[in-house]
There are 2 protein chains.
Amino acid sequence: MDAPATDRPTNFCDACAIRNRAICGDLDNREIGLLNDIGRRRRLEAGEQLLWEGDEAILVANVIEGVLKLSTQTADGKEQILGLVYPSDFLGRPFGQTTPYGVEALTEAHVCVFERRDFDRFAREHPRLEHKLLERTLAELDRTRRWMLLLGRMNAEQKLATFLIEMVDRLEDKSCALNGLEGPQAVSLPLSRQQIADVLGLTIETVSRQLTKLKKDGLIDLPARREVIILDADELAMRAG
Amino acid sequence: MDAPATDRPTNFCDACAIRNRAICGDLDNREIGLLNDIGRRRRLEAGEQLLWEGDEAILVANVIEGVLKLSTQTADGKEQILGLVYPSDFLGRPFGQTTPYGVEALTEAHVCVFERRDFDRFAREHPRLEHKLLERTLAELDRTRRWMLLLGRMNAEQKLATFLIEMVDRLEDKSCALNGLEGPQAVSLPLSRQQIADVLGLTIETVSRQLTKLKKDGLIDLPARREVIILDADELAMRAG
DNA sequence: CGGCAAATTGATACTTCTCAAACATCGTGG
DNA sequence: CCACGATGTTTGAGAAGTATCAATTTGCCG
C-alpha cells in the first residue's frame, strides 16, 4: 500500500461511525474536510471529566461512542444530572462565555472535540450546520422540558418507571436475543444507583427501594447491579403515569 | 393627511416596541418588510390560550407585551409550568410537528404570530434570523436546565426564595421610587398562588406557608395578593442556597 | 480469599401533601 | 356605598412520602 499524501492530516470523518447522524450529517465532502481540520478525536475513561461547570466555554464536541452526563449542583453540594448524552449527540455551549454544567463520561467514551471559537466561526459560515444545531437544540429543549414534569410533579415510583422506559428506549440492546417485539427487554445501565438518584431528584435509598418494589411486583428483574430486564412493559408504562 | 399607498399592508415592525430586542433585531429593512408580510398582530386576554399541548404546531410568535406561560400536565392532571415568556421572547416550536406544551396568557398580551410553515421557510432563507433563534434557544435551554436543579434538589424555602429573586430580576418595576440601588424592591406578580406552585412543583398551601414564613422572618412584605416587596435581598439570596 | 465500594434494608424524623375550614379580596348588583 | 357571592388565599390537623442515619449485605476486583 502506498502511504497517503501527508500534507494534510487524515480525515477521521470518513470513517466516523456517526457521520450521518450527527450535526455534520448535512455537510458535503469539502465542508467535512474543513470541519475535520479544526476537530480532533479524544478518548475519555469512565469517570473522566471533560468540562467543569462555570469554566470558560472553550470546547464543544460530538459524541462518537459512550454515554456522558451533564450535571450541576446546589450550593450545599447536592447534585442534579441535567441530561445524558449519547453517540451522535452534540455537547457543549456554542456562542457562550461559560460552561453552564459539568460534563463527565459515564462509560469509556470517544468524542470529537472542537475549540469553541473555531466551531463558532465555522458554524456562522455554514448555515446548514447551524440549522442542524438549531434543530437539535430545539429537540433537546423539548426533552428537557418533559423532564421538568418528572422532577416537579411525579412521585418516586413514577420517576423510576419513566426512567426505565426512557433507558430502554435509548439503550435497548438490539443484539440481545431476548428482545422480540414483545416480551422481556434487557438494558445495561450506564449509571450507578447514586447517578440514577441524581437524574431523578431522589436519594439513593429511595431509588433502591423503588427498584426492589418493581421487582417484587414482577415488572422488572435485576440480574446484576447495572442490569435491568423489563418483564412487563405495559404495566411499567401504567405506573409511569 | 394623505392616505398611505394601500397596495401593501402597514409595516407594524416600524413601530414595534421590541423591534431591536427580539430575534428580528438583526434583520435589515427589506427583510423586516418581508417578515412583516407573513406575520400578524394578535391580542390575548389574561387567561386566553394560544396553543394547546399536543396540537399540530401551526403557530410561532414573538411576544410584544405581557407574560405567557408554557405548561404541561401529568396523566392525572397535575400541572407543571415549564417556563414564562416575556416581551421580546420567542414562542412556539419551529421545525416541529406538534406543540409540546400549552401556551396561555397570564396577563393581557400582544404577540406577533406567524404560521409556522411561513416562519420556517423564512428562517431557512435568512441565516441571520436562524442564528438569533439558535442563540435564544441555547440560552433558554441553559435557563431550563438551571430550573431542573430547583425542581430536583431544592426544598420549598429555597424554591420560593429563588423564584422571588428571579421575578425581581425579570419584572423589577423600574419606575417605582422604592427601587434605589439598595433597599426594598417591589414586584407585581403575573401569577396566582396556584401558578407559582405549578412553576415550583409544590402545592398552593406550601407556597402560601413559605411566603408567610418569609414575611414573618422580615425578608419580604406582602401588601396585596400579587404584590411582593423584597426587604432583605441578601438574606433571601442566602435562603435560595 | 479478603478488602472495599456499592447497594440494600431498617428505623425514625422531617417535609410536604391532603383534606377541611376559615378568612380575605374583588367585582357585581342592589 | 355597602352587601353579597365567587374566587383565591391562608391556616390547621393529620397522613403520606421521602430523606436521613445506621447497619448489613452484596458483588466486584485485586
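Lettering follows sequence order; numbering is per chain, from 1. All values reported here derive from a predicted model rather than from experimental measurement.
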Margin query: Just to verify, which of T72(B), D198(B), D76(B), T74(B) counts as forming a side-chain hydrogen bond (donor to acceptor under 3.5 Å, both in side chains) with R153(A)?
Written below: D198(B)
Rounded distance (nearest 0.5 Å) linking atom [atom1] of [X] with atom [atom2] of [Y]:
X	Y	atom1	atom2	value
L141(A)	L82(B)	CG	CG	9.0 Å
T99(A)	I58(A)	OG1	CD1	7.5 Å
L150(B)	M148(A)	CG	CE	8.5 Å

Notebook entry, point to check: What integer distance in Å separates R153(A):CZ from dT16(C):P?
Noted result: 13 Å
Next item on the list: Check whether any side-chain heavy atom of R42(A) sits under 4.5 Å from a side-chain heavy atom of L44(A), and report yes or no.
Entry: yes
Checklist line | Outermost DNA chain D nucleotides near chain A [under 4.0 Å, heavy atoms] | finding: dT18(D) to dG27(D)
Note to self: Treating primed atoms plus P, OP1 and OP2 as sugar-phosphate and everything else as base, which nucleotides of nucleotides 1-15 of chain C get B, S or - for protein heavy atoms under 4.0 Å?
What the structure shows: ----BBSBBBB----
Margin query: What I want to find out is whether E65(B) reaches R43(B) closely enough, with some N-O distance under 4.0 Å, to be called a salt bridge.
Written below: no
Check: Can you check whether F90(A) and F114(A) have ring centres sitting under 6.0 Å from each other?
Finding: no
Next item on the list: Count the heavy atoms of every other residue, nucleotide or ligand shown that sit under 6.0 Å from CD of E56(B), and state whether that count exceeds 12.
Entry: no
